[in-house]
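Side chains included, hydrogens not; waters and symmetry mates left out as well; all remaining heavy atoms used. We name chains A, B, ... by the order of the sequence lines, and we start the count at 1 in each one.
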2 protein chains.
Amino acid sequence: MNIGDVAAASGLPAKTIRYYEDIGLIAPRRGENGYRTFDEKDLHKLNFVARSRSLGFSTEDCRALLELYDDRSRASADVRAVAEANLEKVAAKIAELQAMQKTLTTLVHRCHGDARPDCPILEDLAAPAA
Amino acid sequence: MNIGDVAAASGLPAKTIRYYEDIGLIAPRRGENGYRTFDEKDLHKLNFVARSRSLGFSTEDCRALLELYDDRSRASADVRAVAEANLEKVAAKIAELQAMQKTLTTLVHRCHGDARPDCPILEDLAAPAA
DNA sequence: CCTTGACCTTCCAGTCACTGGAAGCCCTAT
DNA sequence: ATAGGGCTTCCAGTGACTGGAAGGTCAAGG
């Protein structure tokens, strides 16, 4: 398979796949013409990474997870530790965004949103009410 | 005021303040020694930007909001439009993160997290259940 | 007067995970 | 022979900073 084929099969842009090779997540062979040649294992890895990324894991997490996947003597505790750390980061980000959402919603509701210049949003930004 | 003073007063790192000058959000004067000299207006702008950033506005949004703030003949509708666009982005990000959170939580709960190698987390990453 | 240390300056590079684009080779079909 | 599409590399840019090096400035203490 050439890069276009695995791009279509994995849903990842060819550019991203080349980048993953750059940072050492995959290592496809090369044909005589210099083209990357992907086998089923490469495609499987790409799908693994795509799925991991979609769950919020960093590319370094992906590297660790791929290693654990390949390590038959891994402890599931090690995998869970990586997932739990990611889960905590996700939860923290959600909390932060929800705080923003709450404030923004209040401010947007308070603003008339008409042609007049007075605006509680700007007032808050200029001098937040405690 | 020198940069250290406004850094302390605004809670922003000096590096960040220099960066804001670089991208044209603020324009402090310079003393004879080449030092940046900040007045109350500069500090006010920095606080405005810090507050806006903490509510998820991009630096480009900040630029627009500062302009609207300075424009006495602004329409509050213009401000609200910027805030609503941001609110939508925040909501979209929350939804995305919550989907991750849901999946991750399920996977983490299903994993024993002991010394054995079998792990539902890796199984899902390798071949997500539809 | 000199030195020390805290503060300031600029500039370059790195972060993260890509993404865009240019220049050029390869392959197939007409 | 040429036209197109796909492939290659390399360089640069994104957003919003952050770290660090090399060097100028200033106030206080010995």
### Message
Does dC26(C) have its OP1 or OP2 closer than 4.0 Å to a side-chain nitrogen or oxygen of Arg36(A)?
### Response
no

#### Entry: Rounded distance in Å - CG (Asn2(A)) to P (dG5(D))
17 Å

### Message
Using whole Å, what does the distance between atom C1' of nucleotide dC18(C) and atom CG of Leu25(A) come to?
### Response
13 Å

### Task
Rounded to the nearest angstrom, tell me the gap between atom CG in Leu46(B) and atom P in dC17(D).
12 Å

### Query
Within the side chain of Asp70(B), is there an N or O that forms a donor-acceptor pair under 3.5 Å with the backbone of Glu67(B)?
no

### Query
NA contact type, Arg18(B), heavy-atom cut-off 4.0 Å: base, sugar-phosphate, or nothing?
base

### Query
Between dC8(C) atom P and Glu21(B) atom CD, what is the distance in whole Å?
14 Å

### Query
Ignoring hydrogens and geometry, is there a side-chain-to-backbone donor-acceptor pair from Asn2(B) to Asp5(B) under 3.5 Å?
no

### Message
Strictly below 4.0 Å: does Arg63(B) bring a side-chain N or O up to OP1 or OP2 of dG15(D)?
### Response
no

### Task
Kindly say if Asn33(B) contacts the phosphate of dC26(D), meaning a side-chain N or O under 4.0 Å from OP1 or OP2.
yes

### ring-ring contact (aromatic ring centres under 6.0 Å, His included) partners of residues 68-92 of chain B, not counting sequence neighbours, each pair once
His44(B)-Tyr69(B), Phe48(B)-Tyr69(B)

### Task
Please work out if Ile3(B) contacts a base, only the sugar-phosphate, or nothing of the nucleic acid, heavy-atom cut-off 4.0 Å.
sugar-phosphate

### Query
Could you state the CG-C1' distance from Asp22(B) to dA13(C), rounded to the nearest angstrom?
15 Å

### Query
How is Tyr20(B) classified with respect to the nucleic acid when contacts are heavy atoms under 4.0 Å: base, sugar-phosphate, or nothing?
sugar-phosphate

### Task
Determine whether any donor atom in the side chain of Tyr19(B) lies under 3.5 Å from an acceptor atom in the base of dG15(D), or the reverse, and answer yes or no.
no

### Query
Quick one: does Asn86(B)'s side chain have a donor or acceptor within less than 3.5 Å of a partner on Leu55(B)'s backbone?
yes

### Task
By nearest nucleotide on DNA chain C, pick out whichever of Thr16(A) and Glu32(A) is the more 5' one.
Thr16(A)

### Query
Would a distance-only check, ignoring hydrogens and angles, find a side-chain to backbone donor-acceptor pair under 3.5 Å from Ser76(B) to Asp114(A)?
yes

### Query
Hey, which of these two, Ser58(B) or Lys15(B), hits DNA chain D nearer its 5' end, going by closest nucleotide?
Ser58(B)

### Query
At what angle, to 10 degrees, do the two end axes of the helix from dC1(C)-dG30(D) to dT30(C)-dA1(D) meet, given five pairs define each axis?
30°

### Query
Between the main-chain N or O of Ile23(A) and the side-chain N or O of Arg63(A), is there a donor-acceptor pair closer than 3.5 Å?
yes

### Message
Nearest whole Å is fine: how far is dT9(D) C1' from Tyr35(A) OH?
### Response
13 Å

### Query
Would you say Thr59(B) reaches dG15(D)'s phosphate, i.e. side-chain N/O to OP1/OP2 under 4.0 Å?
no

### Query
Could Glu21(A) and Arg18(A) be called an ion pair, given the rule that one side-chain N must be under 4.0 Å from one carboxylate O?
no

## Note on the structure
Pro13(A) has its side chain closest, among dT9(D), dT19(C), dA16(D), to dT19(C)

### Rounded distance (Å) that lies between atom P of dG15(D) and atom NZ of Lys89(B)
10 Å

### Message
Tell me the interatomic distance from Glu60(B), atom CD, to dC17(D), atom P, rounded to whole angstroms.
### Response
12 Å

### Query
Using a cut-off of less than 4.0 Å, is there contact between a side-chain N or O of Arg30(A) and OP1 or OP2 of dC7(D)?
no

### Query
Do the side chain of Arg36(B) and the main chain of Pro28(B) share a donor and acceptor less than 3.5 angstrom apart?
no

